[in-house]
Amino acid sequence: MDKSLYIGMSGAKQNMLAQRAHANNLANANTTGFKRDFAQARSMPVFGEHHPTRAYAMTERPGTDLSAGALMETGRKLDVAVDGSGWLAVQNAQGQEVFTRSGSLQIDTNGLLRNGAGDLVLGNGGPVALPPFENVQVGADGTISVVPVGGPPDQLVAVDRLKLVNPPADVLEKGEDGYIRRKADQALDGVEPPDATLRVASGFLESSNVNAVEEMIANLQLSRQFEMQVKVMRTANDNSEAAARLLQNL
C-alpha cells in the first residue's frame, strides 16, 4: 500500500479536529465570557532508520484567545464584568481555584454567591456569603455591600470583596470545563494573589469574543480541505490497485 494514503489520512484527521474546535466556538458565540479556541497543525516528517520521504500533519498544542469581549448592559445588580484585564476567581466542584470572565452571579438559599455554572464565587477570605438583605450593590473595586433587613435604605454595609486576579497570560490555559487556570508547570505554591488595581462594571456582562462569521468561513475552508484529503486517499488507493493489477499481469 502506498504510504501516501497515510498522508491524506493524517491531514483529514487534523481537519476534523480543527472543524470540531471551530464548531465549538460557533456554538458558544452567545455564551457569556467565552474565550474562543485556536486550532493549529503543522507538517511533521517521519524519522526512522530510512530517509524521511513523507510529512504528516500533527496537531500543535491548541491555544485560547484571551482577548476581552464586548460589554453588554443588563442593569442587573449582580451582573458584573471585569473592566479591562483580569479574572474573577471561583471555586469549582473539585475545590480548585479557577478563573472566569463570566460574571452572572446568583445567591443560593444559604446566602452563598455562585456563578452561572453553580460554582462558588471567591472573595478575599474564601467563598462569598451574604447575610439577609434588602438591597445589594457591587462597587467598581469589587466590594459587595448590602442594606441589611430592616436597615435604612442608605445604610450600605460592606460584606466582602470579589477576588480579582491578573496572572500573566502566557501562564494560563483553558481546561475542558471551560475555566481558565494556570498551566501545571506554572502553578503557585499557594492561591493566586488578588490584584487590588482591577475594576469591574456592575450591571454589565462580557459577551463571547467569538466572531461568528469568521468561524463559519473557517469551517467552510476546512470542509473543502477535508474533501481534498479524501481525494488524496482515494487517489492513493486507486494507484495501489492499479499497481497490484500490473504486477498480476507480469
Closest approach of [X] to [Y] (non-hydrogen atoms, all atoms of both residues):
| X | Y | answer |
| --- | --- | --- |
| Ser104 | Gln106 | OG-NE2, 3.8 Å |
| Pro152 | Gln155 | CD-OE1, 2.8 Å |
| Ser145 | Ala158 | OG-CA, 3.8 Å |
| Ala184 | Glu173 | N-OE2, 4.2 Å |
| Pro168 | Val171 | O-CG2, 3.0 Å |

Enter the distance from [X]:[atom1] to [Y]:[atom2] here, rounded to the nearest 0.5 Å.
| X | Y | atom1 | atom2 | value |
| --- | --- | --- | --- | --- |
| Gln91 | Gln96 | CD | CD | 9.5 Å |
| Leu162 | Leu164 | CG | CG | 6.0 Å |
| Asp65 | Phe34 | CG | CZ | 10.0 Å |
| Ser223 | Met16 | OG | CE | 11.5 Å |
| Arg161 | Asn124 | CZ | CG | 6.5 Å |
| Ile217 | Asn211 | CD1 | CG | 8.0 Å |

Would you confirm whether [X], through its side chain, and [Y], through its main-chain N or O, come within 3.5 Å as a donor-acceptor pair?
| X | Y | value |
| --- | --- | --- |
| Thr74 | Gly203 | yes |
| Arg101 | Gly86 | yes |
| Asn28 | Thr31 | no |
| Glu134 | Gly150 | yes |
| Thr64 | Asp37 | no |
| Glu206 | Gly33 | no |
| Thr143 | Gly139 | no |

Any side-chain heavy-atom pair from [X] and [Y] closer than 4.5 angstrom?
| X | Y | value |
| --- | --- | --- |
| Leu66 | Ile180 | yes |
| Phe204 | Asp83 | no |
| Leu112 | Val128 | no |
| Leu71 | Leu205 | no |
| Arg234 | Val230 | yes |
| Arg36 | Ser67 | no |
| Asp79 | Leu105 | no |
| His22 | Glu214 | no |

- Message: Between Phe99 and Glu192, is the side chain to side chain contact (heavy atoms under 4.5 Å, CB included) condition met? List the steps.
- Response: CA-CA 10 Å; Phe99 315 130; Glu192 193 74 31; 3.9 Å; yes

Do [X] and [Y] sit in one hydrophobic cluster, given that two such residues count as connected whenever their side-chain heavy atoms are within less than 4.5 Å of each other, even indirectly?
| X | Y | answer |
| --- | --- | --- |
| Phe226 | Leu26 | no |
| Leu88 | Ile144 | yes |
| Leu172 | Val90 | no |
| Tyr179 | Leu113 | yes |
| Val159 | Leu156 | no |

- Take atom CE in Met228; do more than 12 heavy atoms of anything else shown fall under 6.0 Å from it?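 No - once you tally the heavy atoms of other residues, nucleotides and ligands closer than 6.0 Å, there are 12 at most.
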
- Query: Does CG in Asp189 sit with more than 12 non-hydrogen atoms of other residues, nucleotides or ligands closer than 6.0 Å?
  - Reply: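 Result for CG/Asp189: open.
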
- Item | Pairwise side-chain hydrogen bond (donor to acceptor under 3.5 Å, both in side chains) hits with a residue in residues 11-20, at least two apart |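 Those involving residues 11-20 are Gln14-Thr59.
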
- Query: Please walk me through it: do Lys163 and Glu97 pass salt bridge (charged side-chain N to carboxylate O under 4.0 Å, His left out)?
  - Reply: CA-CA 11 Å; Lys163 184 175 181 181; Glu97 183 181 87; 2.6 Å; yes

- Query: How far apart are the C-alpha atoms of Ser85 and Leu198, what are their side-chain angles, what is the distance that settles it, and do they pass the side chain to side chain contact (heavy atoms under 4.5 Å, CB included) test?
  - Reply: CA-CA 7 Å; Ser85 61; Leu198 299 181; 4.3 Å; yes

- Item | Pair Arg199 + Asp141: basic N to acidic O under 4.0 Å |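 Salt bridge between Arg199 and Asp141, a charged N being under 4.0 Å from a carboxylate O: no.
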
- Item | Stepwise side chain to side chain contact (heavy atoms under 4.5 Å, CB included) check, Lys35 with Asn209 | CA-CA 6 Å; Lys35 303 302 176 189; Asn209 66 356; 3.7 Å; yes

- Show your reasoning for whether side chain to side chain contact (heavy atoms under 4.5 Å, CB included) applies to Val165 and Asp195. CA-CA 5 Å; Val165 299; Asp195 189 335; 5.8 Å; no

